[in-house]
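Take a look at the structure set out below.
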There are 2 protein chains.
Amino acid sequence: MNRITSAEAWTGVADCLNCNIRQSVLFAGLEEADFRDLHRPIDQLQFAAGETVYRAGDDGVSLFTIRTGLVKLTHYLPDGSQRIVRLLSKTDVIGLECMLGNVYQHSAIALQATEVCRLPVSSVKRLSLGNSRLFHTVMAQWYRALSDADRWITELSTGTARDRVIRLLLWLSERETGNSCSLFSREDLGAVLGLTTETASRSMAELKRQGLIREHSLNQFSFDIVALRRIVETRVG
Amino acid sequence: MNRITSAEAWTGVADCLNCNIRQSVLFAGLEEADFRDLHRPIDQLQFAAGETVYRAGDDGVSLFTIRTGLVKLTHYLPDGSQRIVRLLSKTDVIGLECMLGNVYQHSAIALQATEVCRLPVSSVKRLSLGNSRLFHTVMAQWYRALSDADRWITELSTGTARDRVIRLLLWLSERETGNSCSLFSREDLGAVLGLTTETASRSMAELKRQGLIREHSLNQFSFDIVALRRIVETRVG
DNA sequence: CGTGTTTTTGAGCCAGATCAAGTACGGTGG
DNA sequence: CCACCGTACTTGATCTGGCTCAAAAACACG
């Protein structure tokens, strides 16, 4: 297997000790000595929107920490359609499952330009046993993934199409700065929310018409977070 | 806090070394010496259907390994209704989140008569750091919870009401012996599948009428697993 | 500037929600 | 033992949000 496949761009060897998002990242708890222990360097890679980080069933030899961007994990259904089971962004780890199994459980595809650090599973396994802080960080990543999955079920798979769209916009805005977010294709939007592409499109159009969201450039939206939150939280009351 | 609350029955101190489901359980990897290390004994508790194991927001001081039975994790929505986010059974661990946070994230309620072992979080934390097998087992539990959540999204929150019901029946039969399962109230059924109670009821009635499932006693169903599987897997083709 | 792709919009239909009765069941008390 | 009651389940009638099928519009790209 080549280090640099057609679908990715190697952008350098990571300098973890001086990482600018280090405090929130998997290797936060490591000491200089630990890094000397790593036999292979940590590579930084870059993916354009639409490029594949890994495919379900691939040999799981690496974990990835997302530095910037947005990645979808998809599960393909027997009929060929996809259901997106998670969206991951800054400081999330993908591929954690290969600390246990041998292969990736989902396909991971970038939805925006995305930068990641690639970590060898073997090193993470070895180091996390002795290092209580890394152990804790790894477990925190599991917890985070599970919490996200719970939110996915309660917020993005429940309620009307309109509400689901709003909750997703709010969710996206949490991981960006300010009251805006950048969205992706209507097809992916539908696959996230368990709706058809048409319904996803209609819901967006409706929100735009009502002035609840504004699109200043292609798929770049801004909105009044408080107002939107009020809409989806006010049920009965 | 009392060791035995009104909603639970203490049934003895667990003898983990001779546990009959030990190979599949959290403390599988522990040695005799480790058990001597535990300051408090491991209690076994029993819950009747409908009783609460813990509530969302409670202080998370214990993990529970399920020995027999079925437990729902629910998330209450602002309007007072519930959405069930996971169903757990034999060898599953609930309350894992309190290895990181301080409180339980969901309410855990028994759907059937349920036996559990109660493990002090502090011990699991302490032991899992030094013991590579326990570390691995704990992580495997996270993985399992996450895989279940993924199935929940793709199988139980997607497709027609009928298909969802069938997938749930198949899911339940996996964790029981043979081609049968015991079900629970229609209200909970709806909360699992994201459907109304009425639709859940109608779907069950329809399956009965079509002879695809048989109810030999109250909420005890048997069916042809292969036939049901064919129904939900055959989409397009 | 034409061609393929994605998004939007329209019209009609249907699955599931809602509202409303009716029925079965388990428990309780006379 | 039976009448009564509360709860859960079932069934019916109607309504509607989202799906389906189809076409137009906007856009991306060579």
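The figures here come from the full heavy-atom set of this structure, side chains too, leaving out hydrogens, waters and symmetry mates. Predicted, not measured: the structure shown is a model, and the values here were computed from it. Residue numbers start from 1 in every chain, and the chains themselves are labelled A, B, ... in the order their sequence lines are given, proteins ahead of strands.
B/Leu189 places its CG atom 15 Å from the P atom of D/dA8, with the value rounded to the nearest Å. The nearest whole Å value for the distance from the CZ atom in A/Arg162 to the P atom in D/dT16 is 17 Å.
Residue A/Ser185 is classed as a sugar-phosphate contact, given heavy-atom separations below 4.0 Å to backbone atoms only. Nucleic acid contact for B/Arg209: sugar-phosphate only, since backbone atoms but no base atoms lie under 4.0 Å from a heavy atom of the residue.
With hydrogens and angles left out, the side-chain atoms of A/Gln210 and A/Arg162 include a donor and acceptor closer than 3.5 Å. Between the side chains of A/Arg83 and A/Ser157, at least one donor N or O sits under 3.5 Å from an acceptor N or O. A/Ser222 and A/His216 share a donor-acceptor pair across their side chains, judged by distance under 3.5 Å alone.
Taking CZ of A/Arg67 as the start and CG of A/Leu45 as the end, the distance is 11.0 Å to the nearest 0.5 Å.
A heavy-atom distance below 4.5 Å is found between the side chains of A/Leu172 and A/Leu168.
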Provide a list of protein-nucleic acid N or O atom pairs under 3.5 angstrom, restricted to nucleotides 20-27 of chain D.
| from | atom 1 | to | atom 2 | distance (Å) |
| --- | --- | --- | --- | --- |
| D/dT20 | O4 | A/Arg202 | NH2 | 3.0 |
| D/dC21 | N4 | A/Glu198 | OE2 | 3.3 |

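Within the 3.5 Å criterion, the main-chain N or O of A/Gly95 finds a donor-acceptor partner in the side chain of A/Tyr54. Although no hydrogens or angles enter the test, the distance criterion places no donor-acceptor pair under 3.5 Å between the side chain of B/Arg186 and the main chain of B/Glu198.
Contact record, A/Ile21 with A/Lys90: CG2-CE, 3.9 Å, taken as the closest heavy-atom pair. Taking every heavy atom of both residues into account, B/Glu215 and B/Asn219 meet most closely at OE2-N, 2.8 Å.
For DNA chain C, the span of nucleotides reached by chain A at under 4.0 Å from its heavy atoms goes, 5' to 3', from C/dT7 to C/dA11.
Between A/Trp171 and A/Trp152, the ring planes lie perpendicular to each other; the angle is over 60°, past the 30° to 60° tilted range.
A rotation axis mapping the C1' atoms of four pairs onto the next four is fitted at both ends of the helix from C/dC1-D/dG30 to C/dG30-D/dC1 over five pairs, and the angle between these axes is 40° to 10 degrees.
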